Asks: 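My questions all concern the structure below.
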Amino acid sequence: MTLIESAVRNKLIDMGIKIIFRTRVIDAYVEDKTIKYIKLDNDTNIMADSFVETTGTTGPMGNCLKYGNGCSMCVLRCPSFGGRVSITKKCGIEDIIGKRKNGTYGAFSGSIKLNKESLSDEIREELNKNGVCIVPLPKEEINEEKLDIKVCQQYALEAFAKNLVLLDTGHAKLMAPFYPLEKLRRIKGFENVKFEDPYSAGIGNSIRYLSIAPRNNNLKVIGLNNLFVAGEKCGLYVGHTEAICTGYLAGHNSVRNMIGIPLLQLPANTVIGDIVSYANEIMYKEGGDKLRFTFAGSIFFERMKERNLYTTDPDVLYERINKVGLLNIYDERLI
Ligand SMILES: Cc1cc2nc3c(=O)[nH]c(=O)nc-3n(C[C@H](O)[C@H](O)[C@H](O)COP(=O)(O)OP(=O)(O)OC[C@H]3O[C@@H](n4cnc5c(N)ncnc54)[C@H](O)[C@@H]3O)c2cc1C
């Protein structure tokens with residue numbers, strides 16, 4: 001986990017992709033429903049035939065204060081790099097906002113990273129050996145309400161309220177949105193615990209699902225001719241896998257759009273096609289804005305099993321994709 005960011009960055013550079021760091025898009029100029037250029041905070045404009053927005057749905061700090069417990073100093077580092085700016089909103093498109101069970105806007109990110117070295121030898125060894133460590137909570141520490149405020153529905157289960165669940169992700173990932181440090185240190189094995197991410201995980205976590213764009217199932221934004229969206233921006237999605245899958249589709253379609261060929265919509269008998277269209281449909285139904293969609297659990301995982309789509313067998317997957325004529329679809333050079 002610690003090494004993945006530089007590996008991805010190097011891969012992108014090797015592919016000849018120009019990355020502009022420490023720059024934010026602050027505005028967009030639209031004519032006839034078409035973005036002509038986007039404006040950067042260093043006062044330059046970037047023109048293009050197609051754009052893909054992946055600005056996520058989290059923060060900035062004002063929103064984490066309004067809908068959460070304030071800035072938790074999360075990985076987005078708004079104070080250092082600037083807060084999220086919704087490009088769709090700059091284009092005059094109204095954002096869709098996710099809600100919690102009680103109707104409050106947004107949701108708390110659902111986990112904290114603890115410094116593994118700061119945990120007891122016993123916990124650390126179990127994590128290193130099994131990848132997981134479950135520590136039952138004393139009765140007075142059990143708080144099931146916390147499950148309702150978090151984003152990760154796959155972990156919003158009773159067992160996660162009754163126990164501290166730690167996963168070995170390099171750091172020790174604690175499956176709770178936040179935990180007051182003094183209280184955590186009262187639990188055996190956590191006497192010296194230190195937060196790694198967010199730094200202020202004792203008071204809160206980042207607030208997400210504040211800016212989702214209306215889009216078609218080919219991930220083109222409704223109301224604009226040349227803007228595509230991926231990741232959390234394109235739905236109430238949780239997770240990296242979901243961001244990667246939608247990123248591929250949005251990027252591919254942005255090129256198709258540019259050269260004027262029909263956009264790709266993945267069929268619903270593929271898992272990605274189904275999550276893209278199902279989430280888009282359910283989100284607009286009553287209570288749909290309180291749902292989250294992920295391959296990792298909760299309603300979409302159940303749906304995959306019901307529709308016989310869930311498999312880890314590469315041969316079955318090969319056959320399925322081959323049958324719908326989409327094998328290596330993204331490898332084809334369109335221009
Ligand atoms: C604490 C925590 C733990 C998680 N654990 C897991 C996990 O174990 N497994 C998993 O699969 N998922 C996990 N997730 C969820 C996962 O991180 C997100 O779903 C995923 O990162 C969403 O990707 P994204 O690209 O849509 O948005 P983001 O990752 O939010 O990226 C958006 C980026 O756009 C930048 N940006 C915003 N506005 C602008 C602008 N105007 N100009 C330039 N840049 C801009 C932001 O600074 C940010 O870097 C976790 C999330 C959190 C917060």
Side-chain angles (χ1 to χ4, degrees), residues 1 4-5 8-9 19-28 38-42 44 46 51-61 63-64 68 72-91 95 98 106-114 131 150-155 165-179 195-201 204-213 219 227-248 250-251 275 279 292-298:
M1 193 199 80
I4 191 71
E5 189 276 331
V8 171
R9 183 185 293 207
I19 311 174
I20 310 170
F21 290 108
R22 298 187 61 176
T23 311
R24 307 198 80 69
V25 181
I26 52 165
D27 212 347
I38 51 167
K39 191 177 183 60
L40 307 183
D41 56 3
N42 60 11
T44 52
I46 295 189
F51 295 85
V52 181
E53 179 182 359
T54 60
T55 54
T57 65
T58 306
M61 286 192 292
N63 280 334
C64 293
S72 60
M73 301 182 79
C74 79
V75 70
L76 286 183
R77 290 160 287 181
C78 301
S80 310
F81 298 106
R84 177 181 56 79
V85 178
S86 164
I87 296 165
T88 41
K89 201 159 185 187
K90 292 287 175 191
C91 296
D95 281 333
F108 276 93
S109 297
S111 66
I112 308 167
K113 284 173 206 100
L114 308 176
K150 63 191 270 177
V151 38
C152 316
Q153 291 192 348
Q154 69 272 33
Y155 306 124
V165 179
L166 293 173
L167 304 177
D168 183 12
T169 60
H171 295 302
K173 181 166 174 168
L174 172 63
M175 306 312 289
F178 52 89
Y179 217 107
F195 297 126
E196 282 293 335
D197 174 39
Y199 264 132
S200 308
N205 210 320
S206 50
I207 300 292
R208 316 231 299 270
Y209 301 107
L210 297 170
S211 171
I212 292 137
L219 299 184
L227 182 63
F228 292 79
V229 278
E232 289 186 7
K233 182 81 202 187
C234 76
L236 291 157
Y237 294 126
V238 189
H240 302 119
T241 316
E242 295 71 6
I244 293 165
C245 294
T246 51
Y248 263 104
I275 203 170
R292 310 287 176 254
F293 304 91
T294 169
F295 301 122
S298 185

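Predicted, not measured: the structure shown is a model, and the values here were computed from it. In listed order, ligands and their atoms are each counted from 1.
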Asks: Answer yes or no: is there a side-chain heavy-atom contact under 4.5 Å between Leu174 and Leu114?
Replies: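 Heavy-atom side-chain distance check passes, below 4.5 Å.
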Asks: Relative to atom 9 (N) of ligand 1, which among Arg77, Arg208, His240, Glu242 owns the nearest non-hydrogen atom?
Replies: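 Ranked by closest heavy atom to atom 9 (N) of ligand 1, first place is His240.
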Asks: Would you say Lys113 and ligand 1 have an N/O pair spaced under 3.5 Å apart?
Replies: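 Among all N and O atoms of Lys113, none is under 3.5 Å from an N or O of ligand 1.
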Asks: Glu242 side chain to Glu232 main-chain N or O, any donor-acceptor pair under 3.5 Å?
Replies: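 It does not hold such a pair.
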Asks: Side-chain contact, heavy-atom cut-off 4.5 Å: Arg84 with Leu210?
Replies: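 Heavy-atom side-chain distance check passes, below 4.5 Å.
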Asks: Using distance alone, determine whether Ala243 and ligand 1 share an N or O pair under 3.5 Å.
Replies: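 Checking ligand 1 against Ala243, no N or O pair falls under 3.5 Å apart.
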Asks: By number and element, which atoms of ligand 1 are closer than 4.0 Å to a non-hydrogen atom of Thr54?
Replies: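 Those atoms are 32 (C), 33 (C), 34 (O).
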Asks: Flag the pair Asp95 and Lys233 as a salt bridge only when some basic side-chain nitrogen lies within less than 4.0 angstrom of an acidic carboxylate oxygen.
Replies: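 Yes, this pair counts.
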Asks: Quick check: does any side chain N or O of Arg24 sit under 3.5 Å from a backbone N or O of Gly82, one acting as donor and the other as acceptor?
Replies: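 Yes; at least one donor-acceptor contact below 3.5 Å.
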Asks: Run down the list Arg84, Met1, Arg24 and name the one with the heavy atom closest to atom 35 (C) of ligand 1.
Replies: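 Comparing heavy atoms across Arg84, Met1, Arg24, the nearest one to atom 35 (C) of ligand 1 lies in Arg24.
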Asks: If the cut-off is 4.0 Å to any non-hydrogen atom of Glu232, which atoms of ligand 1 fall inside it?
Replies: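 Near Glu232, meaning under 4.0 Å from one of its heavy atoms, ligand 1 has 18 (C), 19 (O), 22 (C), 26 (O).
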Asks: If the cut-off is 4.0 Å to any non-hydrogen atom of Thr23, which atoms of ligand 1 fall inside it?
Replies: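 Result: 43 (C).
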Asks: Tell me every residue that passes salt bridge (Lys or Arg N to Asp or Glu O under 4.0 Å) with Lys113, counting only those two or more places apart in sequence or in another chain.
Replies: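 Lys113: salt bridge (Lys or Arg N to Asp or Glu O under 4.0 Å) contacts with Asp197.
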Asks: Give the atom numbers and elements of ligand 1 that come within less than 4.0 Å of a heavy atom of Ser109.
Replies: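 Going through ligand 1 atom by atom, the ones under 4.0 Å from Ser109 are 53 (C).
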Asks: Considering the heavy atoms of Ser111, write down every atom of ligand 1 situated less than 4.0 Å from one of them.
Replies: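 In order of numbering, the contacting atoms are 1 (C), 2 (C), 3 (C).
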Asks: Below 4.0 angstrom from a heavy atom of Lys173, which ligand 1 atoms are there? Numbered from 1 as shown, please.
Replies: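 Counting from 1, the qualifying ligand atoms are 4 (C), 5 (N), 6 (C), 7 (C), 8 (O).
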Asks: Checking Lys39 now: which residues fulfil salt bridge (Lys or Arg N to Asp or Glu O under 4.0 Å) with it, not counting sequence neighbours?
Replies: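 Once residues adjacent in sequence are excluded, the partners of Lys39 under the salt bridge (Lys or Arg N to Asp or Glu O under 4.0 Å) criterion are Asp43.
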Asks: Evaluate Leu76 for polar contact with ligand 1, using N/O atom pairs at a separation under 3.5 Å.
Replies: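 Between Leu76 and ligand 1, no N or O pair is found under 3.5 Å apart.
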Asks: Please check: side-chain N/O of Tyr209 versus main-chain N/O of Tyr237, any donor-acceptor pairing under 3.5 Å?
Replies: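 Yes; at least one donor-acceptor contact below 3.5 Å.
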Asks: Measure the acute angle between the ring planes of Phe108 and Phe178, then classify it against the limits of 30° and 60° as parallel, tilted or perpendicular.
Replies: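 Rings of Phe108 and Phe178: tilted, 30 to 60°.
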Asks: Output yes when the distance from some N or O of ligand 1 to some N or O of Ile87 is under 3.5 Å, and no in every other case.
Replies: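 For ligand 1, there is no N or O atom that lies under 3.5 Å from one belonging to Ile87.
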Asks: Looking at Gly231, which atoms of ligand 1 are within less than 4.0 Å of one of its heavy atoms?
Replies: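 With Gly231 as reference, the close atoms of ligand 1 come out as 26 (O).
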